[in-house]
Amino acid sequence: QVQLVESGGGLVQAGDSLRLSCTASTQILSNYCMGWFRQAPGKEREFVAAINWSGRNTYHAESVKGRFTISRDNAKNTVDLEMNSLKSEDTALYYCAGEGPNYSDRCPINDYEYDFWGQGTQVTVSS
């Protein structure tokens, strides 16, 4: 069972930045497509961003394009989400997830297609 661990969440003000990080101690993440999802209170979990195994292809939800950037460092076994210009509507529990093994250029954006998940890290943006 792969266990992912997210870190970097916190309480910030609107306009601030945060960098989330995801890693796994028992699994080499370079074999997988990796994604970030979020769930706000009373809402369904939604796709935020994904990155293919090599890092060459990335996908971002329209709501975060131009503000958030997903990246990965396979040598360090980490996947990061840089979040800039945060808004109150970005407040949510953010989850890291992996799908695969997947050596294609494409990644899924549906949460049900992902195979393992972290416990989440809370991001709260005050306006």
Side-chain angles (χ1 to χ4, degrees):
Q1 183 77 14
V2 179
Q3 290 189 329
L4 299 175
V5 178
E6 303 97 334
S7 62
L11 172 63
V12 297
Q13 294 188 336
D16 285 351
S17 299
L18 275 177
R19 187 177 185 93
L20 306 184
S21 188
C22 171
T23 190
S25 59
T26 60
Q27 187 69 32
I28 299 175
L29 299 181
S30 60
N31 298 331
Y32 299 87
C33 175
M34 299 299 297
W36 284 97
F37 291 79
R38 66 186 181 187
Q39 188 167 21
K43 295 187 177 181
E44 293 187 353
R45 187 163 56 191
E46 65 173 356
F47 169 77
V48 176
I51 187 167
N52 82 315
W53 72 276
S54 68
R56 185 171 66 179
N57 286 29
T58 61
Y59 308 85
H60 296 82
E62 286 297 323
S63 60
V64 305
K65 272 185 181 178
R67 301 188 299 122
F68 292 11
T69 303
I70 190 171
S71 62
R72 69 190 305 160
D73 186 333
N74 287 338
K76 295 182 179 179
N77 210 38
T78 58
V79 179
D80 290 350
L81 184 68
E82 179 73 28
M83 305 187 296
N84 298 316
S85 303
L86 283 161
K87 305 175 181 179
S88 58
E89 50 262 47
D90 295 318
T91 294
L93 188 60
Y94 282 72
Y95 297 93
C96 177
E99 183 270 340
N102 181 348
Y103 299 108
S104 75
D105 289 338
R106 300 185 64 82
C107 280
I109 63 171
N110 299 305
D111 58 357
Y112 60 79
E113 296 186 76
Y114 283 76
D115 302 302
F116 49 91
W117 295 78
Q119 294 298 309
T121 185
Q122 179 67 39
V123 172
T124 303
V125 184
S126 63
S127 56

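- Annotation: cation-pi geometry satisfied between Arg45 and Tyr95 (NZ/CZ under 6.0 angstrom from ring centroid, within 45° of ring axis).
- Using a cut-off of 4.0 Å between Lys/Arg side-chain N and Asp/Glu carboxylate O, Asp80 and Arg72 are scored as not salt-bridged.
- With hydrogens and angles left out, the side-chain atoms of Tyr94 and Gln122 include no donor and acceptor closer than 3.5 Å.
- A side chain to side chain contact (heavy atoms under 4.5 Å, CB included) with Thr91 is found for one member of Leu11, Leu86, Thr124 and no other, namely Thr124.
- In this structure, the side chain of Gln39 does not engage the main chain of Ala92 through any donor-acceptor pair within 3.5 Å.
- The number of heavy-atom neighbours closer than 6.0 Å to CD of Gln3, taken from other residues, nucleotides and ligands shown, is 12 or below.
- Contact detail for Arg67 and Asp90: the closest heavy-atom pair is NH1-OD2, 2.7 Å.
- Under the 30°/60° scheme for interplanar angles, the aromatic rings of Phe37 and Trp117 are found to be tilted.
- Side-chain atoms of Tyr59 and Asn52 form no donor-acceptor pair, as typed in the model, at a separation below 3.5 Å.
- The closest side-chain donor-acceptor pair between Thr78 and Asp73, if any, does not fall under 3.5 angstrom.
- Asp16 and Gln13 are not linked by any side-chain donor-acceptor pair at a separation below 3.5 angstrom, with hydrogens and angles left out of the test.
- Side-chain atoms of Glu82 never come within 3.5 Å of backbone atoms of Phe68 as a donor-acceptor pair (strictly under, hydrogens ignored).
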